[in-house]
K.L.:
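Below you'll find the structure I mean.
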Amino acid sequence: MKLNSKIFLAVLLGVVLITSGCTNQSQEKKVTSSKSKAPFHIVEAGDLKLKNIRGIGYPGNDTALYIAANDGLKLYKDKKWYKTTTNQHDYIGFQAIETGFIASGHPQKGSGLKDPLGLVRSVNKGKTLQKLAFYDKANFHFTAASYTGNGLYVIGEEQSGPVNLGVNYSTDNGKTWKKSAFKNFSADSMGMMAVHPTNGNTMAMSTRSGIYFSTDNGNTMKLITGPFMVTALTFSDDSLLFSSVEDEKILLKTISPVTGEQANLIIPFLDYDNPITYLAVNPKNTNQIAFTTYKNDLYESTDGGKTWNNLLSDGKNK
């Protein structure tokens, strides 16, 4: 049974939980590079109109906010937008890490890379890609990685895919994989995953009935919120930053997984049909926060959520 790959994150929360047997998969890591004749550069972007935002984050090897789009990376830095001249891959499941980023997706046509990408990593802002696992075998719309790179998670979407249906994790950069047991998980959906920045064993998942939290790679899960819809989440140090939909309102909150204490952040008004889709916190400066919405709006705060700058509206830069 194939899960609905068109539903990204937990906006519509149409991902159904299915369990199956476990078979470990691994793939030798190799360095890949584009065969395109165009040289790779990062240049000012000018006017942007993004159709699909696949993820956002703050890689540790740069000072820019990265946006993964269906036509490659876009970078926001010092009040300017940048893009890459080639390697404009459709990066699905984008995750910023300390050394760069991890992603899945489809390669740019003519790049010489095979489709699908499986799981790849870049440590040079997308100039080259390293194969981590499942190259030419699978795409993963739901992925998560610790900032330090010692925890990697994917949701297998097909019964006959290269990993088990449901959540699978690796602690050795994708060489071997195990299926998360998900004990005490009673939600009827799976959504976005988040991994603790430095402890890859600690992860959380958003569902339409709250946030589930685990300290053992998803083998044992615990519901830490009320039964409301959560569309996006990410770690901020030991706390979780998440967005919920309650009483037809789009909210942004923090929660301590240990104590359950919650706090609200004030955000610009969002229509009920424009929920938050991706969240990012800069591990090097947790006052730097960004989020995107279903309608491709992008907001960033540099003061911990006290004020917000609207960087994209309907995918267009201002």
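Since the model is a prediction, treat every value here as computed from it, not as a measurement.
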K.L.:
side-chain contact (heavy atoms from CB on, under 4.5 Å) for Val154 and Val163? Distances and angles first, verdict last.
P.N.:
CA-CA 9 Å; Val154 300; Val163 293; 4.3 Å; yes
K.L.:
Between Ser111 and His89, does a side-chain contact (heavy atoms from CB on, under 4.5 Å) hold up when you go through it step by step?
P.N.:
CA-CA 9 Å; Ser111 67; His89 311 306; 3.9 Å; yes
K.L.:
Looking at Asp172, I'd like to know if its CG atom is crowded, meaning that more than 12 non-hydrogen atoms belonging to other residues, nucleotides or ligands lie closer than 6.0 Å.
P.N.:
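Yes, because the 6.0 Å sphere around CG of Asp172 holds more than 12 heavy atoms from other groups.
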K.L.:
Would you check if the side chain of Tyr169 reaches a backbone N or O of Gly218 as a donor-acceptor pair within less than 3.5 Å?
P.N.:
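Between the backbone of Gly218 and the side chain of Tyr169 there is no qualifying donor-acceptor contact (under 3.5 Å).
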K.L.:
Going through the distances and angles, do Trp308 and Tyr299 end up as a ring-ring contact (aromatic ring centres under 6.0 Å, His included)?
P.N.:
CA-CA 6 Å; Trp308 296 89; Tyr299 291 87; 7.1 Å; no
K.L.:
Do Phe94 and Phe101 have ring centroids that are under 6.0 Å from one another?
P.N.:
yes
K.L.:
Using modelled atom types only, decide if a donor and an acceptor are shared between the side chain of Lys49 and the backbone of Asp314 within a distance under 3.5 Å.
P.N.:
yes
K.L.:
Would you name the heavy atoms of Pro268 and Phe291 that are closest together and state the gap between them?
P.N.:
CD-CZ, 4.5 Å
K.L.:
Run the side-chain donor-acceptor check on residues 253-263: report pairs under 3.5 Å with partners two or more places apart or on a different chain.
P.N.:
| residue | atom | partner | partner atom | Å |
| --- | --- | --- | --- | --- |
| Lys253 | NZ | Glu246 | OE2 | 2.7 |
| Ser256 | OG | Val258 | N | 3.4 |
| Ser256 | OG | Thr259 | N | 3.3 |
| Ser256 | OG | Thr259 | OG1 | 3.2 |
| Thr259 | OG1 | Glu261 | N | 3.2 |

K.L.:
Within a radius of less than 6.0 Å around CG of Asp247, do more than 12 heavy atoms belonging to other residues, nucleotides or ligands occur?
P.N.:
no
K.L.:
Determine the minimum heavy-atom distance between Met205 and Val167, stating which atoms define it.
P.N.:
CE-CG2, 3.7 Å
K.L.:
Using the rule that Ile, Leu, Val, Met, Phe, Trp and Tyr join whenever any side-chain heavy atoms are under 4.5 Å apart, tell me whether Ile53 and Ile92 fall into a single cluster.
P.N.:
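No, no single cluster joins them.
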K.L.:
Mind running side-chain contact (heavy atoms from CB on, under 4.5 Å) on Ser170 and Tyr153 for me, showing each step along the way?
P.N.:
CA-CA 6 Å; Ser170 174; Tyr153 295 75; over 6 Å; no
K.L.:
Going by the side-chain contact (heavy atoms from CB on, under 4.5 Å) test, name the single residue among Leu129, Asn70, Ile67 that passes it with Tyr91.
P.N.:
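Looking at Leu129, Asn70, Ile67, the match for Tyr91 under the side-chain contact (heavy atoms from CB on, under 4.5 Å) is Leu129.
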K.L.:
With the 4.5 Å side-chain cut-off for hydrophobic clustering, are Leu223 and Met193 part of the same group?
P.N.:
yes
K.L.:
Yes or no on side chain to side chain donor-acceptor pair (under 3.5 Å) for Asn219 and Ser180, after CA distance, side-chain angles and deciding distance?
P.N.:
CA-CA 5 Å; Asn219 287 301; Ser180 299; 5.1 Å; no
K.L.:
Mind jotting down which residue pairs meet the salt bridge (Lys or Arg N to Asp or Glu O under 4.0 Å) criterion with at least one end in residues 89-104? Sequence neighbours excluded, please.
P.N.:
Arg54-Asp90
K.L.:
With a 6.0 Å cut-off (strictly less than), is the heavy-atom count around NZ of Lys316, excluding the residue itself, greater than 12?
P.N.:
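Open.
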K.L.:
Given the rule in the side chain to side chain donor-acceptor pair (under 3.5 Å) test, do Asn201 and Asp216 qualify, once you have shown the distances and angles that lead to the verdict?
P.N.:
CA-CA 5 Å; Asn201 297 328; Asp216 61 0; over 6 Å; no
K.L.:
Are Phe134 and Phe140 close enough that their ring centers fall under 6.0 Å?
P.N.:
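So the answer is yes for these two rings.
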K.L.:
Side chains of Asn310 and Ser313: do they bring a donor and an acceptor to under 3.5 Å?
P.N.:
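Yes, a side-chain donor-acceptor pair sits under 3.5 Å.
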K.L.:
Say whether, by atom type as modelled, one donor and one acceptor occur between the side chain of Asn317 and the main chain of Leu48 under 3.5 angstrom.
P.N.:
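Such a contact is found between Asn317 side chain and Leu48 backbone.
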K.L.:
Side-chain contact test, heavy atoms from C-beta onward, threshold under 4.5 Å: evaluate it for Met203 versus Phe235 and give yes or no.
P.N.:
no
K.L.:
Is Ile276 reachable from Val281 through a run of hydrophobic residues whose side-chain heavy atoms are each under 4.5 Å from the next?
P.N.:
yes
K.L.:
Do the non-hydrogen side-chain atoms of Leu252 and Phe242 ever get within less than 4.5 Å of each other?
P.N.:
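When only atoms from C-beta onward are counted, Phe242 and Leu252 do not touch, as no gap falls below 4.5 Å.
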K.L.:
Treating Ile, Leu, Val, Met, Phe, Trp and Tyr as nodes and any side-chain heavy-atom pair under 4.5 angstrom as an edge, say whether Tyr278 and Tyr76 lie in one connected cluster.
P.N.:
yes
K.L.:
Work out which heavy atom in Asn150 is nearest to a heavy atom in Asn199; give both atom names and the distance.
P.N.:
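Result for this residue pair: OD1-C, 4.3 Å.
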K.L.:
Check the pair Ile250, Asn274 against side-chain contact (heavy atoms from CB on, under 4.5 Å), reporting the backbone distance first and the verdict last.
P.N.:
CA-CA 8 Å; Ile250 310 301; Asn274 191 30; over 6 Å; no
K.L.:
Show every salt bridge (Lys or Arg N to Asp or Glu O under 4.0 Å) that has at least one partner inside residues 72-83, sequence neighbours left out.
P.N.:
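The answer is Glu44-Lys80, Asp62-Lys77, Asp71-Lys74.
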K.L.:
Is a donor on one side and an acceptor on the other found under 3.5 Å between the side chain of Thr85 and the backbone of His41?
P.N.:
yes
K.L.:
Can you get from Leu298 to Met192 by hopping between Ile, Leu, Val, Met, Phe, Trp and Tyr side chains that sit under 4.5 Å apart?
P.N.:
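Yes; Met192 is reachable from Leu298 via cluster members.
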K.L.:
Please report the C-alpha distance between Thr231 and Tyr294 in whole Å, then the side-chain angles of each, then the deciding distance to 0.1 Å, and finally whether the side chain to side chain donor-acceptor pair (under 3.5 Å) criterion is met.
P.N.:
CA-CA 10 Å; Thr231 61; Tyr294 184 74; over 6 Å; no
K.L.:
Looking only at heavy atoms, which two atoms of Ala138 and Ser104 are closest? And how far apart?
P.N.:
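Nearest pair, atom of Ala138 first, then Ser104: O-OG, 4.0 Å.
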